There are 2 protein chains.
Amino acid sequence: MAEDYVELIAELIESRGEARPVEIAERFGVKPPTVTKNISRLKAAGLVRREPYRAIFLTDAGQELAEACRRRHRIVVAFLLSLGIDEETAERDAEGIEHHVSETTLKAFEQALVPSQSDT
Amino acid sequence: MAEDYVELIAELIESRGEARPVEIAERFGVKPPTVTKNISRLKAAGLVRREPYRAIFLTDAGQELAEACRRRHRIVVAFLLSLGIDEETAERDAEGIEHHVSETTLKAFEQALVPSQSDT
DNA sequence: GGCAAAAGTTAGACATGGCTAAGTTTTCTA
DNA sequence: TAGAAAACTTAGCCATGTCTAACTTTTGCC
Ligand SMILES: [Mn+2]
Ligand SMILES: [Mn+2]
Ligand SMILES: [Mn+2]
Ligand SMILES: [Mn+2]
């Protein structure tokens, strides 16, 4: 859960300047109270900073985790696409797969990707 | 959860003739009461047949689900191995990935596998 | 056949993640 | 700038999956 949350929060901050519970709820297809509860768990875990009724921000630890998650997400999606899978399916499957790929597998995905395009 | 359970139960029945809670507990690294509770949930879901203190068997629905799971497992592992990933990592990652691959992605994995070996 | 060990179950606790209903705070707008 | 709407929180419920402690049943063996 934490991974998907920090990942989305990072994206919202990047695109909107701040992350708001409503948007998180919509994106995940859950109700606002669920977001409130989960955000307070993230806060307890030291991943986010925030006070009641205000926007959500990432702590340094949260930023780091978000970065790692986004990287995994990117690599998995790119890999699935390189296999010829359609974008929607690639995104949907990656959303689950990303939480189970070890660094070893991630490296293998990257390797298998190089032939097609290398935009480091 | 259900997927991993029916998958293991099918394997135990195949190799041992029956599936016993102790073995399931050991395999999953959980305690016996956890298995008891989960098995009764599987029973409530119509996936297994069993009476107290006896071995566990799959219903027809359970068998079907187990078959589907084992197929996904096999394909994912084979695919990861074909990428050059070591067996242990392939097995570990597949155990998580298998629950998130759509039929579309599975087909793509199979396709990408054909070049190396086709043992249908 | 009886008893000890192994296997399994029950009871009760806890964490996670979801919900609805109801209340509070903030924001927008007439 | 007041009042309504939107956003957010709180309280309390539920399901899932895990555990420990204690009890029951089955098994294996002398
Ligand atoms: Mn995800
Ligand atoms: Mn993701
Ligand atoms: Mn699995
Ligand atoms: Mn499996």
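Just so it is clear: chains get the letters A, B, ... in the order the sequence lines come, proteins before strands, and each one is counted from 1. These numbers come from a predicted model, not from an experiment.
Taking 4.5 Å as the limit, some side-chain heavy atom of A/Leu83 sits within range of a side-chain heavy atom of B/Phe79.
Distances shorter than 4.0 Å separate none of the side-chain N or O atoms of A/Arg20 from OP1 or OP2 on D/dA7.
Contacts of B/His100 classified as ring pair (Phe, Tyr, Trp, His ring centres under 6.0 Å), with partners at least two apart in sequence or in another chain: A/His100. Legend: residues meeting side-chain hydrogen bond (donor to acceptor under 3.5 Å, both in side chains) with A/Asn38, ordered by chain and number and at least two apart, are A/Tyr5, A/Arg41.
Where DNA chain C meets chain B (any atom under 4.0 Å from a heavy atom), the bounding nucleotides read 5' to 3' are C/dA7 to C/dA13.
Grouping the Ile, Leu, Val, Met, Phe, Trp and Tyr side chains by contacts below 4.5 angstrom, directly or via other members, places A/Ile24 with A/Leu65. Linking ILVMFWY side-chain heavy atoms closer than 4.5 Å, directly or via other members, places B/Val30 and B/Val48 in a single hydrophobic cluster. Cluster membership for B/Val22 and B/Leu42, using ILVMFWY side-chain heavy atoms within less than 4.5 angstrom, is not shared. Tracing side-chain contacts under 4.5 Å through hydrophobic residues (I, L, V, M, F, W, Y), one never reaches B/Leu8 starting from B/Ile97; they form parts of separate clusters.
Using a 4.0 Å cut-off on heavy atoms, the residues of residues 21-30 of chain B that approach DNA chain C are B/Pro21, B/Val22, listed by number. The stretch residues 42-50 of chain B touches DNA chain C through B/Arg50, each having a heavy atom under 4.0 angstrom from the strand. Of the residues in residues 7-19 of chain A, not one comes within less than 4.0 Å of DNA chain C through any heavy atom.
Each of A/Glu98, A/Glu14, A/Glu7 was evaluated against A/Arg70; a single residue qualifies, A/Glu14, per the salt bridge (charged side-chain N to carboxylate O under 4.0 Å, His left out) test.
Remark: A/Cys69 SG to A/His99 NE2 distance equals 7.0 Å, nearest 0.5 Å. Here OG1 of B/Thr104 is found 11.0 Å from CG of A/Leu80. Values are rounded to the nearest 0.5 Å. Rounding to the nearest 0.5 angstrom, the gap separating the CZ atom in A/Phe28 from the CG atom in A/Asp4 is 5.0 Å.
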Listing, residues 53-63 of chain A side-chain donor-acceptor contacts under 3.5 Å, not counting sequence neighbours, or none:
from: A/Thr59; atom 1: OG1; to: A/Gly46; atom 2: O; distance (Å): 2.7
from: A/Thr59; atom 1: OG1; to: A/Leu47; atom 2: O; distance (Å): 3.1
from: A/Thr59; atom 1: OG1; to: A/Ala61; atom 2: N; distance (Å): 3.4
from: A/Thr59; atom 1: OG1; to: A/Gly62; atom 2: N; distance (Å): 3.1

With a cut-off of 3.5 Å and sequence neighbours excluded, list every side-chain donor-acceptor pair involving residues 105-112 of chain A.
from: A/Thr105; atom 1: OG1; to: A/Ser102; atom 2: OG; distance (Å): 3.3
from: A/Thr105; atom 1: OG1; to: B/Asp93; atom 2: OD2; distance (Å): 2.5
from: A/Lys107; atom 1: NZ; to: A/Glu103; atom 2: OE2; distance (Å): 3.4

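The environment of B/Glu64 atom CD is sparse: at most 12 non-hydrogen atoms of other residues, nucleotides or ligands sit within 6.0 angstrom.
Both key distances under 3.5 Å define a Watson-Crick or G-U pair, and stretches of 3 or more such consecutive pairs in DNA chain C run C:1-30 with D:1-30.
Of all heavy-atom pairs spanning B/Ala66 and B/Ala10, the tightest one is CB-CB, 3.8 Å.
For residues 22-37 of chain B, every residue pair satisfying the salt bridge (Lys or Arg N to Asp or Glu O under 4.0 Å) rule, not counting sequence neighbours, is listed here: B/Glu11-B/Arg27, B/Arg16-B/Glu23.
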Protein-nucleic acid N or O pairs under 3.5 Å, nucleotides 10-17 of chain D:
from: D/dG17; atom 1: N7; to: B/Arg41; atom 2: NH2; distance (Å): 3.3

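A/Leu81 belongs to a hydrophobic cluster with A/Val77, counting contacts under 4.5 Å between side-chain heavy atoms of Ile, Leu, Val, Met, Phe, Trp and Tyr, direct or through other members.
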